[in-house]
There are 2 protein chains.
Amino acid sequence: MVTLAQVARHAGVSPSTVSYVLSGKRSISEATRRRVEQSIAELGYHPHAGARALASSRSHVIALMIPLRTDIYVPVMMDIAISITTTARRHGHDVLLLTSEEGPSAVKRVAGSGLADAMILMDVELADERIPLLRQTGSVAALIGLPADTSGLSCVDLDFEAAGVLAADHLADLGHREVALIGAPETVYRRHTGFAERTLAGFRRRAAERGMAHLHRPCGGSHEATAGTLSRILEERPGTTGFVVQNEAAVPHLLGLLRQAGRAVPEDASVLAICPDDVAVHSSPQLTSVSIPAEEMGRRAVELVMAQLAGEDTTGLILLAPTLTARGSSGPAPHPA
Amino acid sequence: MVTLAQVARHAGVSPSTVSYVLSGKRSISEATRRRVEQSIAELGYHPHAGARALASSRSHVIALMIPLRTDIYVPVMMDIAISITTTARRHGHDVLLLTSEEGPSAVKRVAGSGLADAMILMDVELADERIPLLRQTGSVAALIGLPADTSGLSCVDLDFEAAGVLAADHLADLGHREVALIGAPETVYRRHTGFAERTLAGFRRRAAERGMAHLHRPCGGSHEATAGTLSRILEERPGTTGFVVQNEAAVPHLLGLLRQAGRAVPEDASVLAICPDDVAVHSSPQLTSVSIPAEEMGRRAVELVMAQLAGEDTTGLILLAPTLTARGSSGPAPHPA
DNA sequence: GTGAAAGCGCTAACAA
DNA sequence: TTGTTAGCGCTTTCAC
């Protein structure tokens with residue numbers, strides 16, 4: 001291991017000078033800075049993370065708590081995790097991965113061990129057990145998703161309620177009179193993950209306001225679950241011409257089923273998905289969609305904790321405005337036969 | 001922050017005693033152990049990770065390098081990452097997440113900073129740039145996937161060549177005479193990620209040995225790419241009745257396309273996927289598949305590095321034997337019309 | 001079976 | 001603009 005002391009000796013300066021060159025916390029003459037940087041490069045020096053953390057009480061690590069579940073769309077989580085990691089690196093931080101297997105006590109462990117300077121929580125439930133611990137330990141944190149009580153917390157999320165509204169409006173604008181929301185698996189609603197309920201609320205409200213008959217059905221990700229959900233919807237309300245899907249795993253199945261049922265998209269039925277853009281463009285026809293901005297959500301979460309570490313108060317909600325991109329899967333409602 | 005010294009004072013023992021209670025590196029009387037553990041619990045003590053790393057030169061962290069790409073099946077990666085994290089915790093270690101965005105130099109940074117005691121690399125390419133650095137820094141590491149030169153390395157992977165053989169045999173046993181392998185996206189082959197090429201090699205060899213006409217086509221994950229691939233296969237060899245798919249994103253599309261083309265599965269065409277079990281059981285019909293044991297791959301990788309940290313030599317390959325589970329999507333070859 | 005004390009490599013006063 | 005030095009909280013030898 002190359003140490004800071006060795007760099008100092010090699011450059012003919014004191015250890016503190018090397019430290020300050022690295023941290024930029026005091027001004028250094030151009031000449032010595034050069035020599036130090038030269039020595040660092042020549043010796044291949046990297047500061048010892050533990051020593052640095054011990055001396056400065058800053059680990060330069062952000063803990064990311066991801067869910068173990070696989071019933072929510074995994075690629076979105078992965079995109080968020082990647083976005084968090086690359087953004088964190090850009091701020092000189094690394095990311096420690098924690099799974100919910102460890103339970104809420106992971107919060108205590110991280111807070112008590114100096115393992116991380118901040119935490120980012122994903123898959124936040126309305127009554128999330130980790131939140132009291134967050135408050136109690138006074139941890140720097142950002143949440144992706146909204147709990148019931150957000151007081152004192154910094155949260156980022158897509159404005160799913162607005163997404164529901166946007167979806168309903170799009171279908172209403174196209175003249176649809178009977179619409180259905182094919183949602184997340186039932187387990188997601190049962191554990192009160194906010195996003196699903198908020199989408200539903202927005203969709204219902206606006207559908208009612210626009211005078212559309214509307215239905216909502218949770219849906220699993222398998223082909224059979226999708227088939228069952230679709231057939232139950234069409235049984236209950238055969239005139240349904242507009243479908244909103246908030247379950248990306250069901251998307252390809254739904255398109256296949258409609259095709260098979262002889263319902264052409266978008267001529268006979270419009271499909272609108274709430275999903276990442278790449279899912280939308282990889283379908284056929286390409287899907288009109290409200291995109292889930294995974295990259296931005298991850299980035300914003302990191303920016304929130306970095307701001308807090310810099311002393312700012314970031315308490316509050318960042319609700320990203322949803323955007324709808326019309327692609328080939330939605331069109332004017334067919335005239336009743 | 002509660003420190004070890006405070007625990008010692010509270011328990012009326014010396015700091016070293018507390019340390020030894022924690023590490024178990026020397027025998028402690030039952031009485032003092034109890035008192036110390038009591039104090040630890042009462043004060044809510046957690047050892048400071050940085051201090052411990054500094055003093056012991058062991059961070060108790062494993063670095064996990066994941067790819068940024070999204071052209072290989074993301075859920076498998078996620079399952080592996082989760083398996084690694086939970087297994088690592090079981091061994092008292094945490095996981096640091098690194099993306100390939102940082103490039104091969106991430107290896108140098110981790111090795112030089114004491115950030116992690118070991119590294120696990122995913123998405124290993126045949127000529128992976130990180131490997132020379134691994135050798136050069138003498139890092140403790142495990143690879144998930146096989147590079148061209150595995151000398152001195154510890155690797156885990158599914159035996160994809162055997163998987164290809166197994167797939168070919170299954171179709172041959174069912175009497176199929178013309179078969180096709182619908183593979184990973186072309187980019188995967190171009191960057192020489194070993195698994196795709198190894199599957200292909202095994203499949204080709206055994207198909208030839210069993211006297212089956214065989215075709216191989218790379219395939220993107222979109223509906224259109226799948227449709228194009230399928231139609232080109234059927235154009236070139238209309239009598240194809242057996243399909244092996246090594247691209248999970250294409251699976252639902254392929255099933256939809258076959259259905260649409262009036263080819264019943266498994267009566268008219270057999271489909272065999274190389275994919276995780278849950279993808280296979282969520283399709284309709286459920287897919288005969290060679291499973292990708294993500295959980296085991298992650299767990300084995302952690303066990304490899306833990307063994308190395310304990311001083312064992314784990315050099316060598318662990319090739320997990322593939323298992324084929326017959327489900328509803330494969331059956332006897334139809335009699336030629 | 002237990003304690004005392006010397007660092008581990010770095011940061012950040014304090015001094016100059 | 002730079003150097004000196006006292007810790008940060010833990011592990012681990014050495015001593016009893």
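Lettering follows sequence order; numbering is per chain, from 1.
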Original post:
Under 3.5 Å, is there a donor-acceptor pair linking the side chains of Q308(A) and T314(A)?
Top reply: yes
**OP:** Would you classify T3(A) as touching base, sugar-phosphate or nothing, given that sugar-phosphate means primed atoms plus P, OP1 and OP2, and contacts are heavy atoms under 4.0 Å?
**Re:** sugar-phosphate
Original post:
Among dC10(D), dA12(C), dT2(C), which is the nearest nucleotide to the side chain of I28(B)?
Top reply: dT2(C)
Original post:
Please give, in whole Å, the distance from dC10(D) P to L115(A) CG?
Top reply: 13 Å
**OP:** Select one nucleotide: of dG7(D), dG3(C), dC10(D), the one nearest the side-chain heavy atoms of S14(B).
**Re:** dG3(C)
Original post:
Any luck finding a side-chain donor-acceptor pair between Q38(A) and E42(A) under 3.5 Å?
Top reply: yes
**OP:** Among the candidates dT12(D), dG9(C), dG9(D), find the nucleotide nearest to the side-chain atoms of A51(A).
**Re:** dG9(C)
**OP:** Applying side-chain contact (heavy atoms from CB on, under 4.5 Å) between P67(A) and each of D123(A), L121(A), T99(A), report the one that passes.
**Re:** D123(A)
Subject >> Most 5' of T17(B) and G50(B) on DNA chain D, judged by nearest nucleotide >> reply: G50(B)
**OP:** Quickly work out the K25(B) NZ to dC14(D) C1' distance and round it to whole Å.
**Re:** 17 Å
Subject >> Rounded distance (Å) that lies between atom P of dG9(C) and atom CZ of R58(B) >> reply: 15 Å
**OP:** Provide, to the nearest angstrom, the distance between the CD atom belonging to E30(A) and the C1' atom belonging to dT2(D).
**Re:** 16 Å
Original post:
Do R191(B) and T193(B) get their side chains close enough for a donor-acceptor pair, meaning under 3.5 Å?
Top reply: yes
Original post:
Considering residues, nucleotides and ligands other than R135(B), do more than 12 of their heavy atoms fall under 6.0 Å from its CZ?
Top reply: yes
Original post:
NA contact type, T32(B), heavy-atom cut-off 4.0 Å: base, sugar-phosphate, or nothing?
Top reply: sugar-phosphate
**OP:** Please work out if S29(B) contacts a base, only the sugar-phosphate, or nothing of the nucleic acid, heavy-atom cut-off 4.0 Å.
**Re:** sugar-phosphate
Subject >> Base dT4(D) to side chain S16(A), donor-acceptor N/O within 3.5 Å cut-off >> reply: yes
**OP:** Let me know, please, whether R26(B) or A55(B) comes out on the 5' side of the other along DNA chain C by nearest nucleotide.
**Re:** R26(B)
Original post:
Considering only side-chain heavy atoms of Y20(B), which listed nucleotide, dC10(C), dC8(C), dT12(D), is closest?
Top reply: dT12(D)
**OP:** Would you kindly give the CZ-to-P distance between R52(A) and dA12(C), to the nearest whole Å?
**Re:** 10 Å
